[in-house]
Amino acid sequence: MGSSIEGKVAVVTGAASGIGKAIATMLAQAGAKVAIADLNEAGAQVAAGEIAATGGTAIGVAMDVTDEAAVNSGIEEIRAELGPVDILVSNAGIQIVNPIEQFAYADWKKMLAIHLDGAFLTTKAVLPQMYANGRGGIVIYMGSVHSHLASPLKSAYVTAKHGLLGLARTLAKEGAKHGVVSNVVCPGFVRTPLVEKQIPEQAKELGLSEEDVVKKVMLGGTVDGIFTTLEDVAQTVKFLCEFPSAALTGQSITVSHGWHMQ
Ligand code: NAD
């Protein structure tokens, strides 16, 4: 029996790199037609090309998830090229670390715009396609262990990631009668460019060696001192995409080597 993802149209934002790219690749391997929507257009085209080279179906789409017009035209382009959207994985994100009293207001707004406005705008753009004729759909937000816990220096990130739980739960209630389910995936630290950048930054702010930032700050709370992998997160998203009912909706699933236990 093929995967229930076979032939579905999936949009993954921020999929030119890291976790989003791994999710797009795994969904394409399961037979989805995937749109790689990213600010980094060249990266999106490269990622789509890599999927196509292994026999999958993928297109790269330039999209700044904080720009309503760009989101709407990008989602329309995807509908025109691949068909109506069945799966949205709202994943695009960045990190800015600083203590609150030094956190630039512009950086705070940028963080909330990418993580929260981006999730809202992409959801709003795909829902009419999912609601039409009761087609239904799956919306997955990329949260974090920081959807449940706080860490110093990450006020905007922690606030935004907590906020995604609220959006997912509201959509779970509104979308139910249209067959739309909505969940949040909450990874621990995964060694992507987003995390590599933080290691020296946190070492400087916290007065630790880079080795200690990894060992104590990033992995200190895990049960085994091991990074979560791209595949771990992609596998969790795939599981949610294949899950057959609304028994799992409005939930968050943490994938973090026991760093946070719900
Ligand atoms: P990454 O830096 O490897 O990839 C992020 C992608 O988002 C990039 O391709 C970037 O171009 C894109 N992007 C940034 N701003 C955008 C915008 N305005 N519009 C469209 N695309 C934009 O990062 P990653 O580690 O793969 O992170 C992906 C998601 O996973 C983020 O939401 C992040 O918060 C979350 N997350 C990461 C970790 C981790 O440890 N890496 C842990 C938990 C959650």
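From a predicted model like this one, the values you see are computed outputs, not experimental measurements. In what follows, every heavy atom counts, from backbone to side chain, and hydrogens, waters and symmetry copies are set aside. Both ligands and their constituent atoms are indexed starting at 1 by order of listing.
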Is it the case that over 12 heavy atoms from other parts of the model lie below 6.0 angstrom from the CG atom of Asn133?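 Atom CG in Asn133 is not crowded, with 12 or fewer foreign heavy atoms closer than 6.0 Å.
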
Next item on the list: Please determine which of Arg79, Arg135, Lys33 meets the salt bridge (Lys or Arg N to Asp or Glu O under 4.0 Å) test together with Asp86.
Entry: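 Only one option passes, and that is Arg135.
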
Contact check: [X] vs ligand 1, nitrogen or oxygen atoms, below 3.5 angstrom:
{"X": "Ser144", "answer": "no"}
{"X": "Ala37", "answer": "no"}
{"X": "Ile19", "answer": "yes"}
{"X": "Ser17", "answer": "yes"}
{"X": "Gly20", "answer": "no"}
{"X": "Phe189", "answer": "no"}

TODO: Measure from NZ or CZ of Lys109 to the centre of the six-membered ring of Tyr105 and say whether it is under 6.0 Å with the direction within 45° of the ring axis.
DONE: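 Flagged: Lys109 positioned over aromatic ring of Tyr105.
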
Starting from [atom], locate the nearest protein heavy atom and write down its residue, its atom name and how far away it is, to 0.1 Å.
{"atom": "atom 10 (C) of ligand 1", "result": "Asp38 OD1, 3.4 Å"}
{"atom": "atom 18 (N) of ligand 1", "result": "Asp64 OD1, 3.0 Å"}
{"atom": "atom 31 (C) of ligand 1", "result": "Asn91 O, 3.2 Å"}
{"atom": "atom 20 (C) of ligand 1", "result": "Met63 O, 3.1 Å"}
{"atom": "atom 43 (C) of ligand 1", "result": "Pro187 O, 3.4 Å"}
{"atom": "atom 6 (C) of ligand 1", "result": "Gly14 O, 3.4 Å"}
{"atom": "atom 40 (O) of ligand 1", "result": "Val190 N, 2.6 Å"}

Can [X] be said to touch ligand 1, with heavy atoms closer than 4.0 Å?
{"X": "Gly143", "answer": "yes"}
{"X": "Tyr157", "answer": "yes"}
{"X": "Gly188", "answer": "yes"}
{"X": "Thr13", "answer": "no"}

- Query: What orientation do His148 and His260 show, parallel under 30°, tilted 30 to 60°, or perpendicular over 60°?
  - Reply: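 Aromatic pair His148/His260 classed parallel.
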
Would you tell me whether Gln262 and Thr254 have side-chain atoms, one donor and one acceptor, within less than 3.5 Å of each other?
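Checked: Gln262/Thr254 side chains pair up, N/O donor to acceptor below 3.5 Å.
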
Quiz prompt | Qualifying residue for side-chain hydrogen bond (donor to acceptor under 3.5 Å, both in side chains) with His257, from Asp224, Thr229, Thr222 | solution =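 Single side-chain hydrogen bond (donor to acceptor under 3.5 Å, both in side chains) partner of His257 among Asp224, Thr229, Thr222: Asp224.
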
* Asked: Under the criterion side-chain hydrogen bond (donor to acceptor under 3.5 Å, both in side chains), which of Lys204, Lys197, Gln198 is the partner of Glu201?
  ->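 The residue from Lys204, Lys197, Gln198 that satisfies side-chain hydrogen bond (donor to acceptor under 3.5 Å, both in side chains) with Glu201 turns out to be Lys197.
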
Q: Work out which heavy atom in His115 is nearest to a heavy atom in Gly93; give both atom names and the distance.
A: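 Minimum heavy-atom separation between His115 and Gly93: CE1-CA, 3.5 Å.
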
Using heavy atoms and a threshold below 4.0 Å, how should the contact between Val65 and ligand 1 be classified: side chain, backbone, both, or neither?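 For Val65, the contact with ligand 1 is made by both the backbone and the side chain.
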
- Message: Below 4.0 Å, non-hydrogen atoms only: which portion of Lys161 touches ligand 1? Side chain, backbone, both or neither.
- Response: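 For Lys161, the contact with ligand 1 is made by the side chain alone.
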
Between Ser182 and Gly250, is there a donor-acceptor pair closer than 3.5 Å when you use the side chain of the first and the backbone of the second?
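Pair absent, no side-chain N/O of Ser182 close to backbone of Gly250.
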
- Item | Any donor-acceptor pair under 3.5 Å from Gln45 side chain to Gly60 backbone |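 It does hold such a pair.
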
Given Ile23, Val195, Val255, identify the one with the heavy atom nearest to atom 39 (C) of ligand 1.
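Shortest heavy-atom distance from atom 39 (C) of ligand 1: Val195.
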
**Prompt:** Is any side-chain heavy atom of Lys8 closer than 4.5 Å to a side-chain heavy atom of Val85?
**Reply:**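 No. Closest side-chain heavy atoms not under 4.5 Å.
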
